[in-house]
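Notes to accompany the following structure.
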Amino acid sequence: MSDEIIRRDPRAEWIARNRLHPLHDAMQQAGAAETRGPSGLIRRNPHAVGFIGPNGIKRIDRMNGNGPAVGGRRSAGAAKEVELPLHKVENPDYYVVVVPDMVGGRLSGHDRDVIGQAHKLIREGEGAGAVLAVVFGEHREEAFDKAGVDRLLNITGEAFEGYTPELRVAALEQVEKEYAPKYWLLPDSVAAGFELGCRLAARIGERPATQAWQVSSEEAICRGAGGTTDITRKTPRLMLLAEECAEPIDETRHEVLPVELEASVSVQAVIQDCGQVAVDPNAIPLGEAEFILSAGNGVTDWNQFHQAAEALGATEGASRVAVDDGNMPRFRQVGATGTWVTARVYVAVGISGAVQHLQGIGQCDKVIAINTDVGCDMVKRAALSCIADSGEVMAELIRLANAYRQEVVENAA
Amino acid sequence: MILDWLLPVLISVALLLAVAGMLKRISLWRAGQPEKVSFFSGLMAMPRRYLVDLHHVVERDKYMSKTHVATAGGFVLSMVLILAVHLFGVENRWLSYALLSALVLMFVGALFVFKRRLNPPSRLSKGPWMRLPKSLLMFAVSFFIATLPAAGILPENFGGWLLAAVLAAGIVWGMGELLFGMGWGGPMKHAFAGSLHLAFHRRPERFGGGRSTGLKPVDLTAAKLGVEKPTDFKWNQLLGFDACVQCGKCEAMCPAFAAGQPLNPKKLIQDMVVGLAGGSDAKFAGSPYPGIEVGKAEGGPNKTITEGLVSPDTLWSCTTCRACVEECPMMIEHVDAIVDMRRFLTLEKGNTPNKGAEVLDNLIATDNPNGFNPGSRMNWAADQNLRVMKDVKEADVLFWVSDGAFDMRSQRILRSFVKVLKAANVDFAVLGDEERDSGDVARRLGDDATFQSLAKRNIAAMSQYKFKRIVTTDPHAFHCLKNEYADLYPEGQKPDYEVLHHTTFINELVKAGALSLEEFKGGTVTYHDPCYLGRYNGEYDSPRELLNELGIEIAEMERSGFRSRCCGGGGGAPITDIPGERRIADMRMAEIKETGAELVAVGCQQCTAMLEGVVEPRAEVKDIAELVADALIEGDAPVSKKNGKQAKPNADKRVAEEIL
Amino acid sequence: MQPDKQNANLRIAALVSVGKHPGSGRARRAEQDARAVEMGLAMAPQGLEVLHAGDPHAEALRAYAGMGLKKIRILQQGENADAVPALSQYLGESKPDIVLTGVRAESGESSGMMAYLLGEKLGMPVVTRIAEIVSIDNGQANLLQALPRGQRRALRVPLPFVASVDMAAAAPRQSAFGPASRAEMEAKKADVEVRDEVQASWSEAPARKRPKRLKVVKAKTAADRFKAATAKSSGDGGKVLRDKPASEMAQAVFDLLLEEGVIR
Ligand SMILES: Cc1cc2nc3c(=O)[nH]c(=O)nc-3n(C[C@H](O)[C@H](O)[C@H](O)COP(=O)(O)OP(=O)(O)OC[C@H]3O[C@@H](n4cnc5c(N)ncnc54)[C@H](O)[C@@H]3O)c2cc1C
Ligand code: SF4
Ligand code: SF4
């Protein structure tokens with residue numbers, strides 16, 4: 001067993017991440033995550049994402065592919081991927097229909113939770129139920145089996161591309177007719193589930209449980225009153241489920257048997273999708289931006305700062321001092337007297353972290369500080385801090401971002 | 001001689017015209033809203049108010065005060081005698097001599113006015129005001145010469161018709177300015193309007209050494225809330241505007257003006273005058289609102305002020321620091337006027353700029369300006385073991401915590417103060433979650449509805465309990481509780497407690513020997529007077545005494561005491577945040593730096609926040625409560641300061657009780 | 001606000017509910033509903049009718065009136081009556097061109113079903129989460145729909161339609177006390193009042209805290225469990241890089257950005 005123990009090699013991992021490292025290529029040849037295709041381009045093997053633990057159990061990547069695609073190097077004798085047991089439903093007594101969001105063509109974490117919930121309801125009930133996932137349009141998901149999909153109804157066709165809620169609801173109505181599902185489960189999400197679920201509920205006259213977060217076959221507990229109350233009610237047929245309502249499936253594989261609708265769906269849609277509007281990151285209202293690069297009194301080269309924001313694709317923010325000194329417009333100010341931002345990632349460049357400023361970033365998930373003063377409050381608040389001159393770090397960031405983009409372009413070619 | 005008949009005619013005509021002008025002016029004021037004044041006692045009190053109270057303010061500028069006494073005194077005296085000598089023809093040589101001396105007095109005064117006008121400071125208005133000394137001189141000289149014959153110094157008919165014509169011209173000029181101009185809006189209008197303004201002042205409490213700083217409540221059932229048009233002001237407010245002498249003392253003190261924000265209190269008052277009389281500001285000859293060109297503003301008695309006359313930004317720039325009011329020799333109430341106009345913008349238009357609307361919404365929904373859960377008001381004191389009124393029902397002192405409870409920096413001040421209270425064994429309790437924002441910010445932002453609602457609920461909470469005094473570390477809450485809540489008590493009830501600022505209270509404790517303090521061991525210290533403690537409540541001494549007790553010799557700033565400069569934090573100004581060229585707090589910090597202080601002591605959490613918002617390097621900012629808490633010698637029985645004797649055991653408790 | 005956008009003949013109904021402040025739980029104007037009213041005022045100040053089904057004495061309704069409304073129409077009904085029948089009955093008669101609602105109410109069930117149920121009942125298309133009505137031409141409205149992270153999608157729908165208004169829409173104007181206290185609350189007993197039976201069987205309690213899901217690593221051996229317990233999840237608080245070349249630090253920052261998926 002000893003030769004199967006994996007030791008993480010931070011340096012190697014770092015080189016693997018750093019595409020500009022001289023040893024990067026050599027390192028990648030050794031790894032399996034990326035290979036060179038016949039044309040010499042790097043091809044990624046999605047199956048190699050994540051790494052296998054010592055016992056041959058795959059460490060499931062909870063970041064759903066958002067994490068860096070590197071793992072420990074496998075030693076030569078590494079166990080091959082173990083096959084999870086296959087869960088089969090031959091002749092389902094009933095169906096539980098799940099309509100996943102399929103953000104970016106893949107199952108989201110929320111989708112997996114909902115499928116997990118579906119199985120939980122089946123386990124609690126009598127008879128053999130099957131989870132039927134309804135997926136609209138082309139998808140890129142390759143692991144429906146591991147997510148717990150017993151039957152897959154993939155409704156494709158040009159008509160279903162884009163924003164087509166009316167058509168989709170018509171299709172779901174058809175599913176209702178043909179499959180009479182025991183439960184309808186959708187993620188209560190901004191992405192699609194909420195809307196589709198409400199439309200379907202209104203159409204088929206079911207009163208849904210919304211923001212349901214603890215559901216058994218008897219009772220559903222739902223958040224009400226804008227998330228401030230818990231409503232306990234009898235479990236209805238149609239539910240819009242909150243994130244983390246149930247554990248996702250991770251110990252079985254499922255059949256993913258394709259099914260089809262008997263009747264074709266068509267509807268006179270009146271909502272016309274005129275396409276997504278291109279929004280420049282810098283034109284996104286500060287309060288809605290998810291990634292902000294914010295400048296303070298410690299920024300000296302403002303051109304460089306703007307370049308960095310552009311290269312990283314970040315929305316620009318500023319401290320009051322940067323605004324007062326006329327380096328940034330007033331509507332960019334973050335803080336007590338500026339905007340309260342909700343960005344997931346907030347990079348504070350040369351900002352000391354005065355209370356009034358910190359107030360404005362209270363809701364930010366990850367704060368990164370670039371500051372020369374290790375003792376300043378921003379460094380205390382930050383998840384990651386670089387104690388360095390802002391100019392130098394920004395120059396490097398611009399270089400990295402440009403290199404990364406370059407590579408993406410080449411890969412796409 | 002011609003003058004013999006011409007003079008009485010000229011004088012009569014000038015007087016008649018002046019009276020006509022005055023009547024017209026009075027009708028302009030009367031277009032304002034009714035307000036009860038005690039008419040006769042006001043008039044009776046007027047001379048005293050002028051000679052004592054107003055003089056007291058003018059006296060701060062010795063040069064001007066003497067000049068004014070000479071000029072104005074000389075003029076009033078001359079005028080009376082002129083009427084006797086030249087209009088009614090009383091032929092009495094002594095009377096004529098008296099008139100001559102009065103004219104000389106006036107002449108000398110006018111010379112000094114003239115001198116000041118040679119190279120006037122920027123705060124003074126130019127225009128007609130540059131003409132005034134010349135007119136004064138002309139008046140004095142012309143009447144002097146014209147009186148010489150009556151005094152028998154010159155022969156009758158001296159100089160013939162030529163001199164008579166020259167004198168007549170001079171007299172026409174002089175009387176035109178001094179009499180006609182008084183009624184028709186020249187610089188001398190101030191004498192007429194000013195004396196009536198003193199008689200019918202809206203805050204008569206200010207005379208005789210009193211203080212009246214609380215804002216007047218809005219009748220929330222009125223058809224219109226706040227002031228939209230000049231005629232929405234009370235009539236005596238309009239009268240007050242007309243009293244302005246454009247001396248610019250207010251301008252020189254205004255922090256917003258100095259910071260380049262679009263506010264100049266003098267111009268504002270003059271714009272009110274433009275509004276009440278109708279017309280444009282083209283003739284205004286003083287400093288503009290920073291960044292706003294003069295000559296474009298137009299208004300009329302029934303025109304909306306903020307549409308064309310005064311930009312809302314001007315109104316929102318004010319920190320309500322009262323520096324202008326404190327300095328104004330005519331005792332004009334700028335802050336009242338500004339808040340009245342803000343009230344209209346907020347209560348009727350819903351146009352509180354910037355974060356204003358959000359803060360007000362939060363105050364309505366959560367009783368604190370930042371929208372924190374009102375149930376978390378006591379979280380800061382989780383480890384403090386404070387007694388809550390709901391449990392104890394009664395205490396000597398109610399510690400008013402204020403919204404500092406939600407702010408980490410302010411919590412340090414609160415904790416320090418609690419430490420001091422405990423060290424002195426004071427019997428105190430807090431309202432806990434029953435306390436609400438005092439309403440200060442809401443009221444200054446013009447939202448009197450929210451202020452009144454908060455105040456009434458606070459009053460109801462306090463009325464359930466028994467205590468003798470309220471002590472607070474927040475001068476804004478202090479001001480509201482002390483000066484503004486009384487208006488909102490239910491019919492027939494009155495506050496029956498004393499309200500103290502923590503510096504006053506700690507000072508008492510120290511004086512009574514309830515605390516023993518060690519010497520402060522730091523560098524140079526200066527003290528910043530918070531506006532709402534100093535100018536609003538006259539407490540300049542306790543903080544200083546307390547610092548002295550700590551062995552600190554204060555390196556005073558040039559602007560200190562009643563002339564202290566605002567930190568920029570009052571009146572909701574940080575919330576409306578009207579852009580200027582500088583930050584008020586930065587200017588204040590520069591003044592602190594000038595004293596060489598390494599530490600600035602303050603007595604207000606808002607000042608602390610504002611001054612600490614200045615980027616480093618800068619002086620350290622500490623509340624006096626923090627300084628005292630740091631200097632506490634704990635465990636020891638306190639040493640009485642005077643005799644240095646060891647106090648008896650348990651004495652601290654008794655002493656604390658004694659002073660309560 | 002923008003007069004060029006205003007449409008003299010347009011008739012808009014904005015449906016408002018009594019909101020609830022998340023901190024204090026106090027009644028207030030609901031944030032999304034207020035945005036709906038704002039949108040209505042910007043589009044058709046003359047043709048806007050603000051509508052509420054429920055208690056005409058709810059003080060919070062005045063907060064909408066304070067935005068400059070002369071009156072609010074209230075279909076008066078009991079506390080546990082269903083708002084949809086009353087509203088759809090009324091709207092079916094008044095036939096507005098646009099019905100605006102919030103996405104989800106701040107009080108009660110907050111299911112977000114209102115817009116869809118009305119759409120279904122009235123036979124009008126429903127558009128979800130709009131940020132702006134850009135223009136109206138030829139009986140069609142050009143809308144911007146709010147997508148996450150500040151993105152927008154352009155939609156075109158024929159009038160009449162129902163739309164729910166997203167938080168990304170223009171912030172509502174301030175509510176002023178004067179107009180709020182003077183506005184007319186025109187209450188009329190709702191023509192239909194249907195008791196919400198389903199709701200009657202619920203139990204409601206203050207929200208319980210939901211534990212955040214831990215990153216469980218299913219470990220089969222003790223060694224694994226140990227590793228899972230001691231492993232520091234990436235980006236975990238307060239990592240400070242110093243005295244390293246700038247390139248190295250920048251790389252760490254960039255890696256974190258990639259990991260967070262904000263580099264696109
Ligand atoms: C009522 C009030 C409201 C306020 N509202 C706001 C608000 O809404 N938003 C806001 O931002 N502020 C607000 N402030 C101001 C706030 O208090 C601070 O003054 C301000 O945030 C400081 O800005 P800063 O961090 O950019 O500047 P500084 O405090 O000067 O910090 C500069 C930082 O840059 C670092 N640095 C210097 N040189 C370099 C370099 N070459 N490379 C890297 N780092 C460097 C320094 O170490 C320091 O930490 C408010 C203040 C008050 C009083
Ligand atoms: S308002 Fe008062 S201080 Fe200001 S210019 Fe007029 S008289 Fe002078
Ligand atoms: S109160 Fe202060 S800020 Fe306001 S006008 Fe007067 S001096 Fe200026």
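In what follows, every chain begins at residue 1, and chains take the letters A, B, ... in the order their sequences are listed. Model, not experiment: these values are computed from the prediction.
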Interatomic distance, C:Tyr116 atom OH to A:Glu195 atom CD [nearest 0.5 angstrom]: 4.5 Å
What residue in C:Gly119, C:Ser111, C:Ala246, C:Pro125 has the most heavy-atom pairs under 4.5 Å with chain A? C:Ser111
At a heavy-atom distance under 4.5 Å, which candidate from A:Arg381, A:Glu290, A:Glu392, A:Gln276 has the highest pair count against chain C? A:Glu290
A:Thr228 side, atom OG1; C:His21 side, atom NE2 - distance, nearest 0.5 Å: 11.5 Å
Chain C contact via A:Ile368 - side chain, backbone, both or neither, heavy atoms under 4.5 Å: side chain
For chain A, the option from C:Gly108, C:Ser110, C:Ser107, C:Ala154 that forms the most heavy-atom pairs under 4.5 Å: C:Ala154
CA sep, side-chain torsions, deciding dist, call: C:Phe161, A:Val270, side chain to side chain contact (heavy atoms under 4.5 Å, CB included): CA-CA 10 Å; C:Phe161 63 90; A:Val270 294; over 6 Å; no
So, does C:Arg129 use its side chain to make a donor-acceptor pair with the main chain of A:Val190 at under 3.5 Å? no
Between A:Val367 and chain C, which part of the residue has a heavy atom less than 4.5 Å away: side chain, backbone, both or neither? neither
I'd like to know which of A:Ile284, A:Asp389, A:Ile271, A:Val347 tops the heavy-atom pair count under 4.5 Å against chain C. A:Ile271
Non-hydrogen atoms of chain C under 4.5 Å away: do they reach the side chain of A:Asp113, the backbone, both or neither? side chain
Does any N or O in the side chain of C:Arg242 come within less than 3.5 Å of the main-chain N or O of A:Val374, such that one atom is a donor and the other an acceptor? no
Please tell me if the side chains of A:Asp188 and C:Arg104 come closer than 4.5 Å, counting only heavy atoms from C-beta onward. yes
Can you tell me which of C:Arg208, C:Gln145, C:Lys121 forms the most heavy-atom pairs within a distance under 4.5 Å of chain A? C:Arg208
Closest-packed option against chain A by number of heavy-atom pairs under 4.5 Å, given C:Ser201, C:Ala105, C:Ser203, C:Gly150: C:Ser203
So which atom in A:Ala201 and which in C:Met113 form the shortest heavy-atom distance, rounded to 0.1 Å? CB-CE, 3.5 Å
Counting heavy-atom pairs under 4.5 Å to chain C, which of A:Met394, A:Gln272, A:Gln211, A:Glu166 comes out on top? A:Gln272
Which atom of C:Gly112 lies closest to which atom of A:Cys198, heavy atoms considered: O-SG, 4.0 Å
Using every non-hydrogen atom in the two residues, find where C:Val253 and A:Leu384 come nearest and quote the distance to one decimal. CA-CD2, 3.9 Å
Do C:Gln251 and A:Glu396 have side chains that get closer than 4.5 Å, going by heavy atoms? no
Heavy atoms only: give me the nearest C:Met249-A:Ile387 pair and the separation to one decimal. CE-O, 3.5 Å
When you check the gap from the basic side-chain N to the acidic O, do C:Asp82 and A:Arg207 get nearer than 4.0 Å? no
Quick one: what part of C:Gln151 sits under 4.5 Å from any heavy atom of chain A, side chain, backbone, both or neither? both
Can you tell which part of C:Leu257 gets under 4.5 Å to a heavy atom of chain A, answering side chain, backbone, both or neither? side chain
Closest approach of C:Val126 to A:Arg199 (non-hydrogen atoms, all atoms of both residues): O-NH2, 2.5 Å
A:Ala401 portion near chain C, given a 4.5 angstrom heavy-atom threshold: both
Thinking salt bridges, do A:Arg344 and C:Glu260 make one under a 4.0 Å N-O criterion? yes
Below 4.5 Å, heavy-atom pairs only: which of A:Ala343, A:Pro285, A:Ala289, A:Gly224 has the largest tally toward chain C? A:Gly224
Side chain / backbone / both / neither for C:Leu118 at chain A, heavy atoms under 4.5 Å: neither
With only heavy atoms counted, which part of A:Val379 is less than 4.5 Å from chain C, the side chain, the backbone, both or neither? side chain
Shortest non-hydrogen pair, C:Glu109 vs A:Thr210, comes out as O-OG1, 4.2 Å
Check this for me, if you would: do C:Arg152 and A:Glu288 make a salt bridge, where the nitrogen-to-carboxylate-oxygen distance has to be below 4.0 angstrom? yes
Of the listed residues (A:Ser385, A:Ala388, A:Gly226, A:Ala191), which shares the most heavy-atom pairs with chain C below a 4.5 Å separation? A:Ser385
Heavy-atom side-chain proximity of C:Thr128 to A:Pro165 below 4.5 angstrom: no
Quick check on the interface: out of A:Arg405, A:Lys380, A:Gln214, who has the most heavy-atom pairs with chain C under 4.5 Å? A:Arg405
I want to check something: taking the side chain as every heavy atom from C-beta on, are A:Arg399 and C:Phe254 in contact at a cut-off of under 4.5 Å? no
Select one option (side chain, backbone, both, neither) describing which atoms of A:Val393 are under 4.5 Å from chain C's heavy atoms. both
Against chain A, work out which of C:Leu155, C:Val157, C:Ile263, C:Val103 has the most heavy-atom pairs shorter than 4.5 Å and name it. C:Leu155
